[in-house]
Amino acid sequence: MTNWLPDISSGNGPVYIRVADSIENAITHGVLPPGTKLPPQRNLAYDIGVTIGTVSRAYALVHERGLVAGEVGRGTYVLERSNGKQIEQVDPITQALAGTRGLNTPDARIRFDTTAAPDIGQGEIIGKLFADISNEHQSEISSYSRNFPTSWYEAGQIWLARNGWQPAIETVVPTLGAHAGAIAVISAVTSPGDKIVFENLTYTQISRATRLLGRRSVLVDSDEHGINPDDFERLCQQQHPRLAFLMPTAHNPTLVTMPEARRRAIAAIARRHSVWLIEDDLYGAMTGDQNPLMAAIAPERTFVVSSLSKSVTAGVRGGWVACPPHFAQRIKVTHKMTTGGLPFILAETCARLVLDGHALELRRKSVEEIKAREQLARDALSGFEFNSHPHLPFLWLKLPEPWLSGTFKNAAIAEGVLIDDEDEFKAARMEKVYHRVRVAFSSPRQREDVAAGFMTLRRLLENGSAGYDSHI
C-alpha cells in the first residue's frame, strides 16, 4: 500500500473532483504505477482532512474513468493502461452536468441504472413500421417535418388521457420524448434567472438542463404524500418561482404517489402565486393510480408531459405535451428551437404505435414483465427495507448500517452491477441524507440476469463491514 497523498490545494471544482484529478495525474505520471493499492478511504479522508463521503466519491470517479478496480476485502488497485490509450480528461463542469453516473457505461455490467422499457419483442414491430413508413413516405423521411399530420396529435391525445381526463387535440404537441417536452415548456414560459421548483429528490436530468438554460433551482420539501404544501407556500412567498416540476404519480425515485387532497392543495397554492406546473406522468398509466391529474385540477396552468420510453420503447424517442389553452403553438415552436425539429420517421412511428393499438399491447406486456421482475426483487431482498410497486421498473432501497449511498454504489460497480446513489436525484446541494439507492431492473434482457443482479446486491447488503472497509 502506498503512502502517497493527493494534492488538493490547487485545481478547480468540488474537493472530490480535485482528489480524483490528483489520483489520475499521479497514475498518468507513474507516481502510482499499475498494481498499486490506494489507501483505504477512511485513512485517506483522515490524512487529508476531508469527509469519508468526499473520498468515496473521488474513488468512484477514478473507477468510472477506468483507472482503478476494487474488490471486496482487498481494496482498490491501479489498473494497467491498455492499448496505450490516453486517459480521457473530464473537466469539473462536464462532471457536474453528468451527475454521479459515468460518462461512458462500463462493459460487461448488469445495468440497474435505467428504467427504459424492457425488451419484449417490440423491435420486430418497430422494424416493420419503419419499413412501411419508408416505402409509403419516401419524400417525407428525406426532408424536414414542416407539416404535422393530424394523426400525430390524435395519438398524443389518446396516450396522455387518463382517469376521465383527455386533452383537447388543439392543446397537444408531439415531441422528442418527455424530457424534450419539459425543456420546451421551461424555455417557453420562463426566462433566464427565473426560479424553478424541484423536490429534494427528482429526475435531475431536467434540473441540470434548466441550469444550462440559465434558470435557477429551488428545493421544496416532500414527505410520504409528496410535496409539502406549507413549504411550497413558503417558497412561493419568499422565492417567487415561475414554475414547478412535479411527479405526482409514481415519483422517481421514491415511488410516492400524491393523494388527491394534496394535489388540490398544491394546485391552489400555484394558482394563488401564478406558478406554472409541469406534470411528469411517465409512469402514471402503468400504475393504475386513480387520482385525478393535476391537469384536471388546474388545467389553466398545467403542462402534462409523457412518452413511450418507459413502457413501449425508449429508442424511438417519442412523446407529447398537453398544454393549457392557447399555449400549444408556443410550445411547438420552442420545441423546434431547442431540439432542431421532429424527425418524420420517429413521429410517424410513435403515432402508428398508438393508433394501431401496438403501444397499448406493448405496455401491457411491459407491465407483466416488470411485475415478474419486481417479484424477483421481493424474493431476493426479503428482510431489507425498500419501496417498490409491482408495475414499476425500479425500487428505492434503504441501506443498513454501515453502508453509505455512494459507498454502496461503488461496491456494486466493483461487483459488476450499475445502480444509482441518492446524489443522482438531488436537484441541488442539501444537508439531508437518505442512505438509499435506486435499483432499476427493466434493462437486462433476461430475467436470469435480473435475479443474479439482485443476489449480488443482497450479498453486499449482508456483507456490511467488509464492504464498508473496502469501498469507503
Side-chain angles (χ1 to χ4, degrees), residues 99-101 105 109-120 177-179 199-206 222 224 226 246-258 280-289 306-314 363 365-382 384-399 405-406 408-409 412-413 417-427 434-447 449-458 460-461:
T100 65
R101 295 173 180 167
T105 303
R109 297 292 195 270
I110 295 175
R111 295 211 61 178
F112 277 179
D113 63 344
T114 172
T115 58
D119 184 350
I120 50 172
H179 179 104
E199 294 175 75
N200 283 339
L201 297 173
T202 190
Y203 175 62
T204 50
Q205 298 293 315
I206 298 294
S222 300
E224 69 275 14
L246 316 177
M247 290 178 280
T249 299
H251 177 274
N252 182 13
T254 66
L255 293 107
V256 167
T257 289
M258 197 183 296
D280 181 335
D281 198 44
L282 268 173
Y283 301 103
M286 299 171 68
T287 65
D289 171 45
S306 191
S307 76
L308 304 180
S309 63
K310 307 306 180 184
S311 60
V312 180
T313 174
R363 184 168 68 192
K365 290 182 178 180
S366 289
V367 168
E368 285 182 359
E369 179 62 27
I370 288 167
K371 185 176 181 180
R373 296 182 179 203
E374 195 261 354
Q375 185 60 53
L376 291 176
R378 290 188 172 277
D379 295 340
L381 301 176
S382 175
F384 293 98
E385 181 182 344
F386 59 88
N387 301 346
S388 70
H389 187 289
H391 297 169
L392 296 178
F394 60 94
L395 59 88
W396 186 230
L397 175 64
K398 178 79 171 175
L399 299 174
S405 179
F408 188 79
K409 174 186 174 179
I413 291 173
V417 181
L418 303 180
I419 61 174
D420 285 312
D421 60 12
E422 64 185 50
D423 285 352
E424 176 61 27
F425 302 97
K426 292 179 178 178
Y434 298 87
H435 300 305
R436 287 184 181 260
V437 293
R438 193 194 74 169
V439 181
F441 44 82
S442 58
S443 181
R445 299 192 65 180
Q446 304 296 330
R447 290 185 194 174
D449 293 332
V450 176
F454 286 144
M455 292 310 300
T456 297
L457 297 181
R458 182 177 185 93
L460 287 172
L461 291 168

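Contact detail for R458 and S382: the closest heavy-atom pair is NH1-O, 2.7 Å. Minimum heavy-atom separation, S442 to A116: OG-O, 2.6 Å. Between A380 and F454 the shortest heavy-atom distance is CB-CB, 3.5 Å. The minimum heavy-atom distance linking S311 with S366 is given by the pair O-OG, 2.7 Å. Residues V450 and F441 approach most closely at CG2-O, 3.9 Å, considering heavy atoms. Between L392 and A250, the shortest heavy-atom contact is CD1-CB, 3.4 Å.
Using a 4.0 Å cut-off between charged nitrogen and carboxylate oxygen, R436 and E385 count as a salt-bridge pair. By the 4.0 Å N-to-carboxylate-O rule, K365 lies too far from E369 to be salt-bridged with it.
Side-chain atoms of S388 and R378, non-hydrogen and from C-beta on, do get closer than 4.5 Å to each other. Taking 4.5 Å as the limit, every side-chain heavy atom of T287 sits out of range of all side-chain heavy atoms of T257. Contact annotation: the side chain of E422 never approaches that of F408 to less than 4.5 Å [non-hydrogen atoms, C-beta and beyond]. Using a 4.5 Å heavy-atom cutoff, the side chains of H179 and I206 are in contact. Counting heavy atoms from C-beta outward, L457 and F112 have side chains that approach closer than 4.5 Å. A 4.5 Å side-chain heavy-atom check between P444 and R373 finds at least one atom pair inside the cut-off. Within the 4.5 Å cutoff, the side chain of L397 has heavy atoms near those of the L461 side chain. The shortest side-chain heavy-atom distance between E374 and L395 does not fall under the 4.5 Å cut-off.
The closest donor-acceptor contact from the side chain of D421 to the backbone of E424 lies under 3.5 Å.
A search for side chain to side chain donor-acceptor pair (under 3.5 Å) contacts involving S307 returns S309, not counting sequence neighbours. Residues forming a ring pair (Phe, Tyr, Trp, His ring centres under 6.0 Å) with H389 (at least two apart in sequence, or on another chain): H391.
Of the residues listed (V417, I413, V439, D420), the one engaging D113 in a side chain to side chain contact (heavy atoms under 4.5 Å, CB included) is D420, and it is the only one.
Once rounded to the nearest 0.5 Å, the distance linking CD1 of I419 with OG1 of T114 reads 14.5 Å. Distance check: H251 NE2 to F425 CZ gives 9.5 Å after rounding to the nearest 0.5 Å. The distance from the CZ atom of R438 to the OG1 atom of T254 is 11.5 Å, given to the nearest 0.5 Å. For the atom pair CZ of F384 and CG of L399, the computed distance is 10.0 Å after rounding to the nearest 0.5 Å. Once rounded to the nearest 0.5 Å, the distance linking CZ of F394 with OG1 of T115 reads 7.0 Å. Distance CD1/I370 to OH/Y283: 9.0 Å, rounded to 0.5 Å.
For the residue pair T249 / D289, a side-chain donor-acceptor distance below 3.5 Å is found, with atom types taken as modelled.
In K398, the NZ atom is crowded: over 12 heavy atoms of neighbouring residues, nucleotides or ligands sit closer than 6.0 Å.
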Mind running side chain to side chain contact (heavy atoms under 4.5 Å, CB included) on Y434 and N200 for me, showing each step along the way? CA-CA 11 Å; Y434 298 87; N200 283 339; 3.5 Å; yes
